[in-house]
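What follows is a set of notes on a single structure, which appears directly below.
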Amino acid sequence: MNAENQETAVTADRKYLLERIGEAAVVQLYADGFEHLPLNDKILCWHLYQAALAGRDIYYDQRYAHNLEMRALLEAIVTHPDGIDPVTLDAIIRYTKLFWINTGGFNNITARKFVPECAPEAFAAAVRVAAANGAALPLAAGESVDDLLARLHRPFFDREFEAIVTCKTPGEGRDILEASANNLYVGVVMKDLEGFEERYALNSRLTKTEQGIAEEVYRIDGRYAHHIARIVSHLEAAIAFAPPPTAAALQALVRFYRSGEIEDRRRYDIAWVADNESTVDTINGFIEVYMDARGAKGAWEALVYYVHPEKTAAVRAIADHAQWFEDHMPWDPQWRKPQVTGVSARAIEVIVEAGDSGPMTPIGINLPNDQEIRETHGSKSVSLSNVTEAYEKSMPREFRSEFSWSPDEVGRAERWGAVASELTTNLHEAIGHGSGLVSPQLNGAPEKALKEQFSAIEEARADLVALYFVADPYLVDIGVVPADALHEVVLAEYEAYARNALTQLRRIREGSQIEEDHMRNRQLIVHWLLANTEAIQIASRDGKTFYRMVDANAFREGVGRLLAEVQRIKAEGDYEAARELLETYGVHFDPELRDEVVARVERLNLPSYTAFVTPKLEPVRGDDGSIVDVRISYPRDLTAQMLEYSGVR
Ligand SMILES: [Zn+2]
């Protein structure tokens, strides 16, 4: 057997879909080629992997103040189950799995609370049995089991109590921080922040005290000191095995974790962007601001990954022509960059994701978020190849056919769907986010002007860039798409994009409003096209609704028009226009249509969202204790991995 056949044989045996918990699917992620990395790179991965897991609990705590105690209690039960009523135990195990997948009791997509499917009394009885079995409970000093259960009763069981983790549209007269249950602010409302000088916008928790607002800084001697000290010790161990540019970036990161100062974060961002040729890389820190209704506080996350050489060649071909794309942006020429600073784009294999990026993961990442650094130093963009592959391999066939109007559309989705989606992800990350200028009056910080609308507007902008250029014959000229495939790829992508506005509604089973920014942007684009072009038709057959993409030229022309406006909004920081656009097209949906979509996916037992079990690394030590190899394996078990990460098993 040659190497290629072996590869296929391995793939054919692979188990991707591990289990279903209600609307969630659990899928194993595989990282090919790790075995063949040089030893130094493997050891580097091992230390970075430990640094990633060392910060996992920071995100649990940021997401909800009671999260870590709730998790400890759940894990105490599931590891000491003997004698618990089986129906109750089943309900608790289901809830615990969803709790791990969503990093707490709020759905990652709807932001809403979910509760265990057992009575509080049955839950209490299970806790007592587990305690009698020797489980250690997260009791406060001097606290009884009853006190603990009383204290956590509302967080676990009361749907109306601290009901939404991030609430950007709480309704007239309500405050976005007060309406959000996350732990990024304590007792602070937006009004308190008028005139408040925030020194550590990204990496602090704001707490209202008698003396005013206090910033609790995330750094080695501040908030999360214990976790940050462990992260730093693993990063320091990694430095010895890192090539010079990576070592410089890791040193800068350690400095930032020590000081927490914005200048050190900038130096780290710059060093991280400069490190664009090394095989192994990591993201570790307070990065995305989606969880903060105000769009300022960074949620902690970490990823460790290495480059996939062949797929990287494809995305590089796009990134290398970034200036051409910039020169052809369908927006006011004053917002085009005369000189695009390097977008370094790579396709990667992810080894581990923790915090905000796992067990539910993005498929593409473009960082840093600091607009000023992007403009002067460029950005790094990665597409997560093994995640995209695992999604494809685990998605049932019916998912496409149920929502496609014609057999042609199904055929295109099957033949070209994966290619088209990888291509648009590459365009979104390597060209979209890095493109465009903003007005100097915004001081490099459009997010300050657009506030809670910023993230959805920026995601819409990057998606629109991808949708606009995916239909450009220039992709054929630069060898990214074969000439005879372009038309089919474009149809496959536009059809899938239109379908998605319908199918994504399955993820929001309550209410009639979208909170998640990527979903808002996708809803915005399709509904704007429905209202302003002839590109998409709403059709109906056998009582089922279809979003039919009927005119690809009109689709692209509409995308170009909307993109010009979205870029203007970002460039000028036009908050009112951003709010209006999202409120009109992106936030609200028809709950009856959602009920129809949910009924269709339930009949086919299709998942609404996917969580991943990531590979496991273990060092192999020689007689003198030094690491002589690092072994990769695939746990194929969510519970085992989560308990291991928590240090419970
Ligand atoms: Zn994006």
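FYI, the numbering just counts along the sequence from 1. Bear in mind the structure is a predicted one, so any value in this text is a computation, not a measurement. The figures that follow rest on heavy atoms only: side chains count, while hydrogens, waters and symmetry mates do not.
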Would you mind writing out the side-chain donor-acceptor pairs for residues 465-491 within the sub-3.5 Å range, not counting sequence neighbours?
residue : atom : partner : partner atom : Å
Asp472  : OD1  : Tyr474  : N            : 2.9
Asp472  : OD2  : Arg556  : NH2          : 3.2

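Phe114 meets the ring pair (Phe, Tyr, Trp, His ring centres under 6.0 Å) test with Tyr95; sequence neighbours excluded. Residues that satisfy the side chain to side chain donor-acceptor pair (under 3.5 Å) test with Thr424, not counting sequence neighbours, are Glu493. Taking the salt bridge (Lys or Arg N to Asp or Glu O under 4.0 Å) definition, one finds that Glu35 meets it with nothing, sequence neighbours left out.
Between the side chain of Tyr30 and the main chain of Lys15, a donor-acceptor pair closer than 3.5 Å is present.
By the 4.0 Å N-to-carboxylate-O rule, Arg506 lies too far from Glu602 to be salt-bridged with it. Look at Glu596 and Arg600 and you find a salt bridge, because one of the NZ, NE, NH1 or NH2 atoms lies within 4.0 Å of a carboxylate O, short of that distance.
In this structure, CE on Met642 lies 12.5 Å from CZ on Phe99, to the nearest 0.5 angstrom. Interatomic distance, CD of Glu458 versus CG of Asn369, reported as 8.5 Å (0.5 Å rounding). Distance check, rounded to the nearest 0.5 Å: NZ of Lys337 to CD of Glu326 gives 6.0 Å.
The neighbour count for Arg397 CZ, taken as heavy atoms of other residues, nucleotides or ligands under 6.0 Å away, does not exceed 12.
Here salt bridge (Lys or Arg N to Asp or Glu O under 4.0 Å) pairs that include residues 513-528, with residues two or more places apart or in two chains, are Lys168-Asp517, Asp463-Arg522, Glu515-Arg520. Within the structure, ring pair (Phe, Tyr, Trp, His ring centres under 6.0 Å) pairs that include any residue of residues 401-420 comprise Trp405-Phe546 (at least two apart or interchain).
Between the side chains of Arg461 and Ser435, at least one donor N or O sits under 3.5 Å from an acceptor N or O.
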